[in-house]
Amino acid sequence: MSFVALFVVVAAPVYLTCNLNPAKPFPVQIAADEANGRATVTFPSNGRSVIRRAVFDEKTVTILDNSAVWKIDRVTLEVRRRFDAAPASEPDETGGCEVAKPPENRAF
C-alpha cells in the first residue's frame, strides 16, 4: 500500500498601510489576498471597506474598483490610483505603502 501526500500552500493575505497624496495625507488600508484574487480596500477616514477583484503578477498588484484602477508596485510599494472618468491630462494619485502586521487577537 502506498500513500501520496498532497500539500497545498495557501498564502495568507498581505496587509498594507498606504498613503495617497503625501502632501495632503489620505490613508488607505489594503489586504491583498493573492490566493483568492481579491483585495479589501479600507478607508479609515470614513470606515468604508470594499472587496474588489485583483490581478497579481510578479511586479504589480492591480485592483479593479468600480470607478478606479489601483496599482501597487510589489518591489517599491508605490501605489497609484487612476479614476476612470479622469481626463488624460490629470495625473494619477500616487503615494507609498508599508507592509503592516495582520490583525491580532481575533476569533476568525
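Residues passing the side chain to side chain donor-acceptor pair (under 3.5 Å) test with S45, sequence neighbours excluded: none. Partners of Q29 according to the side chain to side chain donor-acceptor pair (under 3.5 Å) rule, which considers only residues two or more places apart in sequence or in another chain, do not exist here. Scanning for side chain to side chain donor-acceptor pair (under 3.5 Å) contacts around R53 gives an empty result, with sequence neighbours left out. For A31, the side-chain contact (heavy atoms from CB on, under 4.5 Å) partners at least two apart in sequence or on another chain are Y15, T40. With sequence neighbours left out, the side chain to side chain donor-acceptor pair (under 3.5 Å) criterion links R38 to no other residue. Not counting sequence neighbours, the partners of D65 by the salt bridge (Lys or Arg N to Asp or Glu O under 4.0 Å) test are R52.
A chain of hydrophobic side-chain contacts below 4.5 Å, direct or via other Ile, Leu, Val, Met, Phe, Trp or Tyr residues, connects L77 to V61. Put simply, V50 and V14 are part of the same group of oily side chains (I, L, V, M, F, W, Y) that touch within less than 4.5 Å, one to the next.
Screening residues 44-92 for disulfide (SG to SG under 2.5 Å), with sequence neighbours left out, gives no hits. Residue pairs meeting the disulfide (SG to SG under 2.5 Å) criterion with at least one member in residues 34-84, sequence neighbours excluded, do not occur. Under the disulfide (SG to SG under 2.5 Å) criterion, no residue pair touches residues 24-74, with sequence neighbours excluded. Annotation: side-chain hydrogen bond (donor to acceptor under 3.5 Å, both in side chains) contacts involving residues 19-28, sequence neighbours excluded, are absent.
Taking every heavy atom of both residues into account, G37 and F56 meet most closely at CA-CE1, 4.0 Å.
Here I51 is tied to no hydrophobic group at all, with no ILVMFWY side chain closer than 4.5 Å.
In this structure, CZ in F43 is found 8.5 Å from CG in L20, a value given to the nearest 0.5 Å. Note that the CG atom of N36 and the CD atom of E34 stand 10.5 Å from one another [nearest 0.5 Å].
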Validation: residues 83-103 side-chain donor-acceptor distances under 3.5 Å, sequence neighbours left out:
from	atom 1	to	atom 2	distance (Å)
D92	OD1	R82	NE	3.4
D92	OD1	R82	NH1	3.3
E93	OE1	R81	NE	2.6
E93	OE1	R81	NH2	2.7
E93	OE2	R81	NH2	3.4

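Of the listed residues (T62, I30, T60), just one forms a side-chain contact (heavy atoms from CB on, under 4.5 Å) with I72, and that residue is I30.
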